[in-house]
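Remember, predicted model here, so these are calculated numbers, not experimental data. In what follows, every chain begins at residue 1, and chains take the letters A, B, ... in the order their sequences are listed.
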Amino acid sequence: MERCLIVEDRRDTLHHRLMIAFLKADLADLLFAAVKKAGFHSGLASEAPAGIAWEYPVDPAFGDLSTTLAFGLAKALRRKPREIAEQIAAIVEIPHDVVDRVEVAGAGYLNFILAKGFWRGVVRQILLAGPAWGKTDIGNGQKVLVEFVSANPTGPLVVVNARAAAVGDAIARLLEAVGFSPYREYYVNDAGNQFRNLALAMEVRCRQLLGEDCPMPEEAYPGDYVIDVAREFLERHGQETLAAPEPERRDRLGRFAVERILAWQQAALEAYGVTFDNWFSERALRGRGDPELAIEALRARGHLYEREGALWFRSTAFGDDKDRVLVKGDGESTYFLPDIAYHQDKLARGFELLIDLWGPDHHGYVARMQAAMQALGHPPDALRILIVQLVRLMRGNEQIRMSKRTGQFVTMDELVAEVGRDAARFIFLTRRCDSPLDFDLEMAKAASDENPVYYVQYAHTRLCSVLREAAKADVATPSPEDNLEPLNLPEEVGLIKQLALYPELVIGAAQALEPHRLTAYLHDLAARFHGYYNRHRIISTDTSLTGARLALVAACRVVIGNALNLLGVSAPERM
RNA sequence: GCGCCCGUAGCUCAGCCCGGAUAGAGCGUUUGCCUGCGGAGCAAAAGGCCGGCAGUUCAAAUCUGCCCGGGCGCGCCA
């Protein structure tokens, strides 16, 4: 059994999961001390060891960890970086149980070559951690509200909503993995114009069903689905509602439709594996008088003024292009006002960080909402808004045209029914969310190498298959106690390094709110494993080698499984 | 006009925050690999003035400025 002093000195298991990060910090301390000892201290840009940046060289010949520290010192000290690097390398105290040696390369790189035992130790830590590998507590339990999808309750969810659902859910999963306490919320616009238009469409459809000659107004929703809802309403409540006075009549029709449509949306999301903690009603918000409270809060801080009969928010004081109207001349509020109240409410509920996923049509609202948060005294980074760009549906090279106005669009249900939820979610997560995405239905359905989802899932399946085969052949099951010394091939060390970086990758993806980093990582890892598998046999007559390789296989399976889980994509044992 | 985003291989995109050693994938193309753990896989090849010009730097796809090309936003709409 090899030992890794630096790591094992720390009892906390969390340190094991972040062994690379802690190793980097420890080595930075040692480098820092060496710099001081050599008298180079004045050349340091940063007074702290944390200022020393590490990178992972792509070429194994350059070691496992590398730093350009000497270049920075060279500049300040007006000396050659190579000389400086050599002096540092000569005096730096390295822990030989972890670091094999330090080399100076190129114009002045300091390359650290780690002891082989260090990398093997990672395999053991992964097997010990299992599902916890990649989980950390840097979020400190902080409550985060992730608001996403929030489509109008006026029709079925469509393809772009499926993208937002995949991204929002993956972000919530990522945050949870690094120790935040995420809460998934869906904002229901069951008030205002959208609601009125839906209610109007309902009334028209009801009357048409009853044989009245009643044209559909321009602003209403012509989609056929409203007919179904109208029919259901008539079946259940008869037609006396239609005789009721206008406000009540519309209200009842509209609420019925919203309820039905929300149920569809919820079912579609659940079939997709996305569950919300809360469906937040705008109607309820307005009913409580929260918009008025928001006005008072802004007024008290001196950010409001009246002009031309309207109430304005001085958002330009916080970097917006122009001031914004909160209450129109006719006494109605703009959409912006309840939205401010909604965000106030989120913070009042104890969420310290708010994440909003908005459609590209709300792009122009980012500045004013950030302005409102600041005007209300919240820190600028308390609200992070992500724009989820549009999806172009393709069938091969042909684009599928969609138009909500004519009711011609592909729903989320149809998409999931055609390609399956794993493929849909994974593909939506292969790009940054603010970049438009071409979604090729043929590709997503292909059970072949064209399809990145299957590529990764197949790696998982293959890993499981090897472990099954080993069990059948009565080889011992992999355990953290296995002797890992036979793992010496470059492919094996490369695989282990990749596995070792996973916890840091998760932290980075969570902090940046970029789940697409995980799909890229998964593809890399799967490719490495497939290559290794094709070149080398796992199960052989050499029992010691077989045991070590099975441990590596088990570790790969853990990481691929954990990562797929963070994306909300299944990790099948057989396909 | 102002603001934001994007220009990286034939196509679709990572990498850019925080500058470093030969710029990465997938698809497509070409050529190989199944009498042993799942070929939904692997290996190899071809394919790039990282939109352009300048600047900062020992070092620029990465930072800065300007230009060109594409998208979006700039309502008392939501």
**Prompt:** So, the side chain of A:Glu86 versus the backbone of A:Gly108: is there a donor-acceptor pair under 3.5 Å, distance only?
**Reply:** no
**Prompt:** Restricting to pairs with a member in residues 314-340 of chain A, which pass ring pair (Phe, Tyr, Trp, His ring centres under 6.0 Å), not counting sequence neighbours?
**Reply:** A:His303-A:Phe318
**Prompt:** Does B:C34 sit syn or anti, given that only angles within 90° of 0 count as syn?
**Reply:** syn
**Message:** Checking A:Arg196 now: which residues fulfil side-chain contact (heavy atoms from CB on, under 4.5 Å) with it, not counting sequence neighbours?
**Reply:** A:Asn193, A:Glu332
**Asked** Contact class for A:Ser465 vs. all strands (heavy atom < 4.0 Å): base, sugar-phosphate, or nothing?
**Response** base
**Whole-Å P distance, B:G73 and B:G26** = 35 Å
**Request:** Go through the side-chain N and O atoms of A:Glu282 and A:Tyr342 and say whether any donor and acceptor fall under 3.5 Å apart.
**Result:** no
**Prompt:** What is the nucleic acid contact for A:Gly106, judged by heavy atoms within less than 4.0 Å: base, sugar-phosphate only, or nothing?
**Reply:** nothing
**Message:** Taking 4.0 Å as the cut-off, does a side-chain nitrogen or oxygen of A:Lys322 come that near to OP1 or OP2 on B:G75?
**Reply:** yes
**Asked** Counting side-chain heavy atoms from C-beta on, which of B:C76, B:C37, B:G41 comes nearest to A:Tyr458?
**Response** B:G41
**Prompt:** What's the closest nucleotide to the A:Phe71 side chain, out of B:G41, B:C58, B:G38?
**Reply:** B:C58
**Request:** May I ask you to say what A:Ala53 touches in the nucleic acid, namely base, sugar-phosphate or nothing, with a heavy-atom cut-off under 4.0 Å?
**Result:** nothing
**Prompt:** Would you call the rings of A:Trp358 and A:His343 parallel, tilted or perpendicular, where under 30° means parallel and over 60° means perpendicular?
**Reply:** perpendicular
**Message:** Nearest to the A:Ser66 side chain among B:G38, B:A43, B:A21, which nucleotide is it?
**Reply:** B:A21
**Message:** Can you check the distance between B:G47 and B:G10, where both ends of the measurement are the P atom (answer in whole Å)?
**Reply:** 10 Å
**Request:** Indicate, with a heavy-atom threshold strictly under 4.0 Å, whether A:Glu308 touches base, sugar-phosphate, or nothing.
**Result:** base
**Message:** Once you measure the plane-to-plane angle for A:Trp54 and A:Phe112, does it fall in the parallel (<30°), tilted (30-60°) or perpendicular (>60°) bin?
**Reply:** perpendicular
**Prompt:** When you check the phosphate oxygens OP1 and OP2 of B:C77, does a side-chain N or O of A:Lys328 lie under 4.0 Å from one of them?
**Reply:** yes
**Asked** A:Arg537 side chain: which of B:G36, B:C76, B:A21 is closest?
**Response** B:G36
**Message:** Need the pair for B:C2. Rule: Watson-Crick or G-U wobble, both distances under 3.5 Å, any strand; none if unpaired.
**Reply:** B:G73
**Item:** Value in whole Å for how far the P atom of B:G71 lies from CG of A:Leu390
**Value:** 14 Å
**Complete:** If pairing means Watson-Crick or G-U wobble with both distances under 3.5 Å, then the partner of B:U29 is B:A45
**Message:** In whole Å, I'd like the distance from the CZ atom of A:Phe318 to the P atom of B:G3.
**Reply:** 22 Å
**Residue pair A:Asp323 / A:Tyr305, side-chain donor-acceptor N/O under 3.5 Å** = yes
**Prompt:** How would you label the contact of A:Asn111 with the nucleic acid (heavy atoms, under 4.0 Å): base, sugar-phosphate, or nothing?
**Reply:** base
**Message:** Between A:Lys24 and A:Tyr56, is there a side-chain donor-acceptor contact under 3.5 Å, judged purely by atom types and distance?
**Reply:** yes
**Request:** Assess whether side chain to side chain contact (heavy atoms under 4.5 Å, CB included) is satisfied between A:Tyr502 and A:Ile20, documenting all intermediate values.
**Result:** CA-CA 10 Å; A:Tyr502 178 69; A:Ile20 307 296; over 6 Å; no
**Message:** Nearest to the A:Arg462 side chain among B:A21, B:C76, B:G39, which nucleotide is it?
**Reply:** B:G39
**Prompt:** With distance as the sole test, does A:Ser281 use its side chain to make a donor-acceptor pair with the main-chain N or O of A:Ala284 at under 3.5 Å?
**Reply:** yes
**Request:** Measure from the side chain of A:Asn534, starting at C-beta and using heavy atoms only, and say which of B:G38, B:G41, B:C76 lies closest.
**Result:** B:G41
**Message:** Taking the P atom in each of B:G48 and B:A23, what is the distance between them to the nearest angstrom?
**Reply:** 13 Å
**Base partner of B:C58, which must satisfy Watson-Crick or wobble distances under 3.5 Å** = B:G20
**Request:** Measure from CZ on A:Phe529 to P on B:G38 and round the result to the nearest Å.
**Result:** 10 Å
**Prompt:** Expressed in whole Å, how much space separates the C1' atoms belonging to B:C77 and B:C17?
**Reply:** 35 Å
**Fill in**
With the side chain defined as heavy atoms from C-beta on, A:Arg468 is closest, among B:G38, B:C37, B:C4, to B:G38
**Prompt:** Rounded to whole angstrom units, what separation is found between the CD atom of A:Glu55 and the P atom of B:A21?
**Reply:** 7 Å
**Message:** Please name the nucleotide paired to B:G7 by Watson-Crick or G-U wobble geometry with both distances under 3.5 Å, or report none.
**Reply:** B:C68
**Request:** State which of B:G41, B:C4, B:A21 makes the closest approach to the side chain of A:His363.
**Result:** B:C4
**Request:** Between protein and nucleotides 7-15 of chain B, map the contacts as a letter string: B base, S sugar-phosphate only, - none, heavy atoms under 4.0 Å, written 5' to 3'.
**Result:** -----SSSS
**Asked** With a non-hydrogen cut-off below 4.0 angstrom, is A:Asn189 in contact with a base, only sugar-phosphate, or nothing?
**Response** nothing
**Message:** Can you identify which nucleotide, out of B:C76, B:G38, B:G41, has its nearest atom closest to the A:Arg574 side chain?
**Reply:** B:G38
**Message:** Please confirm whether the shortest side-chain N or O distance from A:Tyr454 to OP1 or OP2 of B:G38 is below 4.0 Å.
**Reply:** no
**Asked** Mind checking the C1' distance from B:U8 to B:G3? Whole angstroms is fine.
**Response** 26 Å
**Asked** Counting any heavy atom closer than 4.0 Å, what does A:His460 reach on the DNA or RNA strands: base, sugar-phosphate only, or nothing?
**Response** nothing
